[in-house]
Structure formats: C-alpha cells, structure tokens
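Notes follow once the structure below has been shown.
Residue numbers start from 1 in every chain, and the chains themselves are labelled A, B, ... in the order their sequence lines are given, proteins ahead of strands. Quantities reported herein were computed from a predicted structural model and do not represent experimental measurements. Worth knowing before you read on, the calculation uses all heavy atoms, side chains too, and leaves out hydrogens, waters and symmetry mates.
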There are 2 protein chains.
Amino acid sequence: MTAEKTLKRLKQPTMYDVAKLAGVSQPTVSRVLNHNKTAVQISAATRQRVLDAVAELGYHPNVIARSLRTQRTGMISLLVADITNSFYHVIARAVQDVARQRDYEVLISNSDHIYSREMHFAEVLSKRVVDGAILVPIHLTDQDLDGFLSLANAPIVVLGQHIQHPNIDVVYGDDEAAMYEAARWMVNERGYREFGFVGVPEDLPPGPRRWRGFKRALDELGLGIDPRFMVMGDFTIPGGEEAARALIRASKRLPRALFVLNDLMAIGVILTLQDAGYRIPDDVAVIGFDNIPESTIVRPTLTTIAQDSHDLGVRLAEVLFERIDNPNITGRRLFRTACQIIPRQSA
Amino acid sequence: MTAEKTLKRLKQPTMYDVAKLAGVSQPTVSRVLNHNKTAVQISAATRQRVLDAVAELGYHPNVIARSLRTQRTGMISLLVADITNSFYHVIARAVQDVARQRDYEVLISNSDHIYSREMHFAEVLSKRVVDGAILVPIHLTDQDLDGFLSLANAPIVVLGQHIQHPNIDVVYGDDEAAMYEAARWMVNERGYREFGFVGVPEDLPPGPRRWRGFKRALDELGLGIDPRFMVMGDFTIPGGEEAARALIRASKRLPRALFVLNDLMAIGVILTLQDAGYRIPDDVAVIGFDNIPESTIVRPTLTTIAQDSHDLGVRLAEVLFERIDNPNITGRRLFRTACQIIPRQSA
DNA sequence: TTGTATGCGTTATCAT
DNA sequence: ATGATAACGCATACAA
C-alpha cells in the first residue's frame, strides 16, 4: 500500500531474473515451469531452487511473449448480435464454461446487429489475437468470412444455418422445423386458424427460414395469411412495440393469433396490445421464439419455442476447440439441435 | 474457397516479406505503417512501394509481436458480477463505446458473484494480457487487489464504493443517499409507514450501504421495522422469489411496502406475491433498485431507483484510460453519480 | 539433466 | 530519408 510499491511497478521479473537468482540457465526455468508434468526430467534440487526463486521474485510468465513464441494466445472470441438479448447470455456462459476447463479466456464482443461492427470483429480476428472465434453473424456473408478466414490462421464456428462456407462449421437450432411444428400445434392443439406474423427484414438470416416453416404448415393446412397481418420488427422490444402499432394502424380487427419471430419482440407486442385494450390470449394469442427468461416475467406468460441455448453454446465451443486442437479438420460440419414448444399462457 | 487456400493458411506474411517485395529494409516498412501521421518522413516513392507490397501480400501486422515490443496490448478487461443482469449491459456497452473510439478491445468476463472467478480474473490481470481493468468486485478485498496490483503493471478502476485501496479509482452511484431519499419519498409522497426489506448478506457490498440509507431515513421519521419483515436474497429473480416465500412463511400479514435491494429480486418478489394472491401495490407496494429494462415489463411496472448506468460506464472507461495514458496518476480518485427515483406503478 | 543458441515479428536506437 | 542492429520474454532444437 506504500507509494514505493506503486511506483516501482515498472519492471516485471523475467525468466532470466529467476534463472540468475536460482543459479541456472533461463531455459531450465522454462522447463521447470512448463514441462513439469511432461517429457523432460529435471532434478528435484534444481527444480526446487527454481521454484523458490519464482516465489521470491513473484514471477509470472509473460503470456504475450509466450504467445509470440507458440503462436497461441489462449483466447477465443465470441461475437453476439445483441448483448442485451438474454438468449445470448446462456450461450456466452456455456462457452465460457467450456473455455474455462481448458484455461482459455473468452473475448466477448457485441455487434448490435450492425454490419460495420461485425466487420470490425472479423478484422480483429484476422490479426490473430485469438486462437478461434464463435460468431453469430447477421449481415456477414460467406465472402466476407472467406476473406478473413484466408487471412487469419484461426478457425471460425458459426451459429446460424445461413453461412455456407465450405470450411466453417455451423451449429444451429432447427428453427424452420420448429416453426412448422409450432404452426401445426397452434392449429391442431390450440384451435387457432387465423394468423399474423411479426418478422424481420428478408436479409436478416432467421427471417426467411422461420417464415418458410410457418408458411409450409399453413399451406398444408389450407390456411392463408392476410398481407395486412404481416409486419416487420428488428428483434428488440421497441421493435415489437412498433410492429404492434403498425398492426393496429393497418386494421382495427387483429388476427386471432400472432407468430412473433423472437421473444423480445413478442413481449413488446403483448405490452402494446394490452395498452391498446386487447386481451391476451382471449382477443389475440401470441407465440414467440427463444424462451428467454423474460418470457416468464410478462403476464400472461409467453408461449414460445425454446432453443436449447446451453447446448448450442457447449456445442459451439466444443466444435471450435476441436478445430483448434486439430487444424487439419476440414469441410463444413453441421450440428443441429432440436427446438421445443413451451406452452404457457399467451397462446 | 479452394482447398489450397485453406491448407496454406500456415504462414502469414511478415514485415520482412513486405520489405523484400518492396525492395526496402524491414524497419522502413514499420515506419511506413506506423509513423504515417507522425514524426519521421518517408519519401513518397518508397511509401507507395511499401503500401503496394502490403496490399499484394495481404499483410496484417502481428499484434502479439507488437505487444511484446510496446508492452501494450490494446485491450482492457471488464469484470461484471452477473452477465444476465441488464444493469451491466448498459455499462458494458458504454465501456465498449469509449474503448472503440480509442481502438481498444474489451474483454468481458463474468464472475457470477463467485469469489474464485473474481480471483481468476485478477490473476489474468496480473499476467499482463490487458492494459487495464474495470471491475465490479463483490467479494474481492482491498488486500486481494493490492496483491494483484503490485504484480500487474495495469491500472484498475472499480465500480463500487467499498474498495478503499489508496491507488484504485472508484466510480459509484450514490446509492446510500438514494435509499435515504427514496425512503423519505415513500413515506412523505406515497404515504407508506410500514416497511419490509429484501436485502443481501452483510458481506456483499451494496447490502449494508443501501440498508444504512434506508435505516437513517426511518430513524429520522420515527419509524421502526419489524425483524420478521427483513429477508435476504442473492440479487437474482429466483432469489427474490425465495425471499418472498420466506416473508409469507414468517408472517401471513405482510408489510405495507417492500424495499428490495435490486430490480431482479424485486421482480421475483412481485411475481411470487401475485401468485400467492397479493395485489401489488394495493396490498403490498414494491420498490426496486437499478431501473433495468425488465422493470417496465412486469405488471404493475416497477417503481425503482435509477443509477445512470450509461454515465457510470463512460466514467469508468474514461478514468481507466486516463490512468493508462498517464501511469503517474496516483491516489484514490472518487467519482460519484447521483441516483434518481423512477415512480411507476408498483409503489 | 542441463546449457547454448536461435527465432517468433515487431519497434526503437543508432548510425549513414 | 533509410538501413543495420538490438531488444522485448519465451520455447525449443541441439549440444554437452
């Protein structure tokens, strides 16, 4: 706590300092510290002298120098599309858990669905500060990723089916099938026959996919959808609120049930509809997607489709570490996890 | 996209390769790339040759080598106590925004209120992978931090008043004063005179502080608090739910109004109380702390005390960068931001 | 079992 | 204006 202490934080001891103090060579220090459980044998005496010197100097290895030498950083990075979306929290936590077991650090970054931030992230990647990356790309294209992949020597794993790059592994929840099943369930089990759809713009990956599953079920069931009942949002609560207002503007009479592309928007929709006097689910039923924690906070609780996000996170991390450990792995590996309908009060 | 491309990602071009191609020396390449807007002058001709070579080879500087040389990593780290608590999202985003302006990366980590994770984080710090750190320590003591600070050459800035280290800057929301004001407000403006308190264990920093502000107001107003109406939680929604059940078990009749130490617990309390048949705020009023987004999702909407978390985040980052830029700064600097009562429906 | 020598890719200090 | 040269701290092939 003294002033001296804080002022002399200028110079950290190096292996050379330790070696000098222990009366050995610098590489011997390195061996004691690294190979302790592996190949090379060190005499117990020198080992002890080295360890004593380490303790006395308070030596800590410089991970940057080590990285320069080994070409490994011990870090992976994780790019999520929206750090405020709880859906990603579980994923982040799962990734961190897997990483921790391997003494890896996780660099979490946040694109806010913004293309330039995704690009920036990919650039960081290409500068090789991490050994690998997990991405949730919204705008990034195969070509973007190909460019960066050929620069970086780090593997990339992606959440989301839309990336088709021949050398990037993909983990995804099968949302198209889930939407198909959910639509059938809403009709057959819940008895709704008239639907609206709160989606996102066509160019955002989950949009067309979830729509296809939904549409396919409706077609099979011989049901149509009124174009006035289709609106767009942006994955956020305010986006859902705006979508609900747009629905009301377009037609005073609302569809009997609303499919909303994700939970955050679904919550915005519910809150706005309620404020406008509609009862959920008696006037309008609502079903979301993701099963985030907030879906149990709204009243009525939100019926939704769950992705097993913990499993997604674990898979993402494991797949990435496989590639880090074995750079020879090639090809586009695909890992699918199923989704599941969570019936609650809103539909 | 070809197999060759992916196989020959073994070797990245270095400055030496660029130099060879441009017909100059390697340091010249370095100068072209770094000093372009600063001191040393380079002839336009060589500059162009170098830049051409850089483009042709797709050269990217190796930031690890640079870090080894410059002793800077261009990264700061941020340790939050709970990544699922929205309160920290705003802070994280603000920190990232400030960092981005300075071309810094942010390494976000998550302690989940667990002591060993906080220690692990501090150890990473002491290995000098980052140029500085922002911490929200829950268990970490002054002594812990002193130990790591004397090992690391990186400055630390902390959110939370309880760290008293003579060389660590502190940024905090004045929650003690806010609780005092809020208690007076609940009595004088809202007319409640009988209170319960959902806190956290004594050793968790915000606990005693917020309690003191609350208690001081009550004492001044000549109001007491029934010990049965005091329970503990752990900052989470399930913690709040459990606290509410404990309250109900302890006494069928509940206090007229509940102060809850943070919003997540307050939401858990509201949901559980409602399920048990109590009306909020008619039977029991509830006031939280933090003003997280979810506080507008619950019904009734949550009356709470807002910390200006964006401002907190910006201040934290700015203070840290000041220290990074000027290592001579010493002493414990204190930055306080005010809190504000947000009246909504729950109290 | 231990020491010597070398290089990882950069930046910085000398020269010229 | 540019080039040689050294140094950052560590890991490893090789020699002893």
Side-chain angles (χ1 to χ4, degrees), chain A residues 10-51 53-54 57-74 126-129 131 151-153, chain B residues 10-51 53-54 57-74 126-129 131 151-153:
Chain A
L10 301 159
K11 191 76 180 134
Q12 302 283 335
T14 73
M15 277 192 179
Y16 185 74
D17 300 321
V18 175
K20 215 166 41 181
L21 181 59
V24 299
S25 74
Q26 172 264 319
T28 297
V29 177
S30 174
R31 286 191 272 257
V32 170
L33 264 37
N34 296 314
H35 304 269
N36 44 9
K37 281 148 195 158
T38 62
V40 184
Q41 290 302 325
I42 301 278
S43 83
T46 40
R47 154 178 307 261
Q48 195 52 53
R49 287 214 313 282
V50 168
L51 292 179
V54 165
L57 293 177
Y59 167 80
H60 281 263
N62 180 321
V63 296
I64 295 172
R66 173 182 296 162
S67 293
L68 181 59
R69 184 58 229 244
T70 62
Q71 303 291 22
R72 294 210 163 190
T73 64
S126 70
K127 291 181 189 156
R128 289 158 287 162
V129 297
D131 296 341
L151 290 180
N153 55 1
Chain B
L10 302 158
K11 191 74 179 134
Q12 301 285 335
T14 73
M15 278 192 178
Y16 185 74
D17 299 322
V18 175
K20 215 166 41 181
L21 182 58
V24 299
S25 74
Q26 176 264 324
T28 296
V29 177
S30 174
R31 285 191 274 256
V32 169
L33 264 37
N34 296 313
H35 304 268
N36 43 9
K37 281 149 194 161
T38 61
V40 185
Q41 291 302 324
I42 300 278
S43 84
T46 41
R47 155 179 306 260
Q48 196 51 53
R49 288 214 311 282
V50 168
L51 292 178
V54 164
L57 293 176
Y59 166 82
H60 281 263
N62 180 322
V63 297
I64 294 172
R66 172 182 298 163
S67 293
L68 180 59
R69 188 55 231 245
T70 61
Q71 305 289 24
R72 294 212 161 190
T73 64
S126 69
K127 290 179 188 157
R128 290 159 286 162
V129 298
D131 296 340
L151 290 179
N153 55 1

Considering only heavy side-chain atoms of Pro27(A), the closest of dT4(C), dC10(D), dT5(D) is dT4(C)
- Would you please confirm or rule out a distance under 4.0 Å between OP1 or OP2 of dG9(D) and any side-chain N or O of Thr14(A)? no
Sorted by number, residues from residues 61-70 of chain A placing a heavy atom under 4.0 Å from DNA chain C are Leu68(A), Arg69(A)
On a heavy-atom basis, the closest approach of Asn34(B) and Arg66(B) is OD1-NH2, 3.8 Å
Taken to the nearest whole Å, CD/Gln12(A) to P/dC10(D) is 10 Å
When rounded to whole Å, the NZ to P distance for the pair Lys20(B) and dT2(D) reads 21 Å
| query | Which part of the nucleic acid, if any, lies within reach of Gln26(A) when heavy atoms closer than 4.0 Å are counted: base, sugar-phosphate only, or nothing? | reply | base
| Does OP1 or OP2 of dT2(C) have a side-chain N or O of Ser43(A) closer than 4.0 Å? | yes
Distance col, row His60(B):NE2 vs Thr14(B):OG1, nearest 0.5 angstrom, shows 14.0 Å
Among dT2(C), dG3(D), dA11(D), the one nearest any side-chain atom of Arg31(B) is dG3(D)
Is there a side-chain contact between Ser25(B) and the phosphate of dT2(D), meaning an N or O under 4.0 Å from OP1 or OP2?
no
Residues Pro13(B) and Leu57(B): closest non-hydrogen pair is CG-O, 3.6 Å
Taken to the nearest whole Å, CZ/Arg72(B) to P/dA12(C) is 11 Å
With Val129(B) as partner, the option from Val63(A), Val129(A), Asn62(A) fulfilling side chain to side chain contact (heavy atoms under 4.5 Å, CB included) is Val63(A)
Rounded to whole Å, the CG-P distance (Leu33(B) to dG9(C)) equals 16 Å
Smallest heavy-atom separation, Thr73(A) atom then Ser67(A) atom, equals CA-OG, 3.5 Å
Testing dT4(C), dT2(C), dT11(C) for proximity to the side chain of Met15(B), the answer is dT11(C)
Phosphate OP1/OP2 of dG3(C): any Thr28(A) side-chain N/O under 4.0 Å
yes
Interatomic distance, CG@Asp17(B) vs CD@Gln26(B), rounded to 0.5 Å, equals 10.5 Å
Closest non-hydrogen contact found for Gly23(B) with Arg49(B) is O-NH2, 3.9 Å
At under 4.0 Å, does any side-chain N or O of Asn34(A) touch on OP1 or OP2 of dA11(D)? yes
| message | Is the phosphate of dG9(D) approached by Gln71(B) (side-chain N or O, under 4.0 Å from OP1 or OP2)? | response | yes
Here the pair of heavy atoms bringing Tyr59(A) nearest to Met15(A) is OH-CG, 3.2 Å
Per-helix bend value, the helix from dT1(C)-dA16(D) to dT16(C)-dA1(D), C1' rotation axes over five pairs per end, 10° rounding, shows 40°
Rounded to whole Å, the OH-C1' distance (Tyr16(B) to dT5(D)) equals 14 Å
Quiz item: What does Val29(A) touch in the nucleic acid at a heavy-atom separation under 4.0 angstrom: a base, only the sugar-phosphate, or nothing?
Solution: nothing
**Message:** Between Thr46(B) and Arg31(B), is there a side-chain heavy-atom distance shorter than 4.5 Å?
**Reply:** no
Taken to the nearest 0.5 Å, the spacing of Ile64(B) CD1 from Gln71(A) CD works out to 7.0 Å
Q | Ser30(B) side chain near dT10(C) phosphate (N/O to OP1/OP2, under 4.0 Å) | A | no
In whole angstroms, the gap separating C1' of dT1(C) from CD of Gln48(A) amounts to 17 Å
Q | Thr46(A) vs dT2(C): side-chain N/O to OP1/OP2 distance below 4.0 Å | A | yes
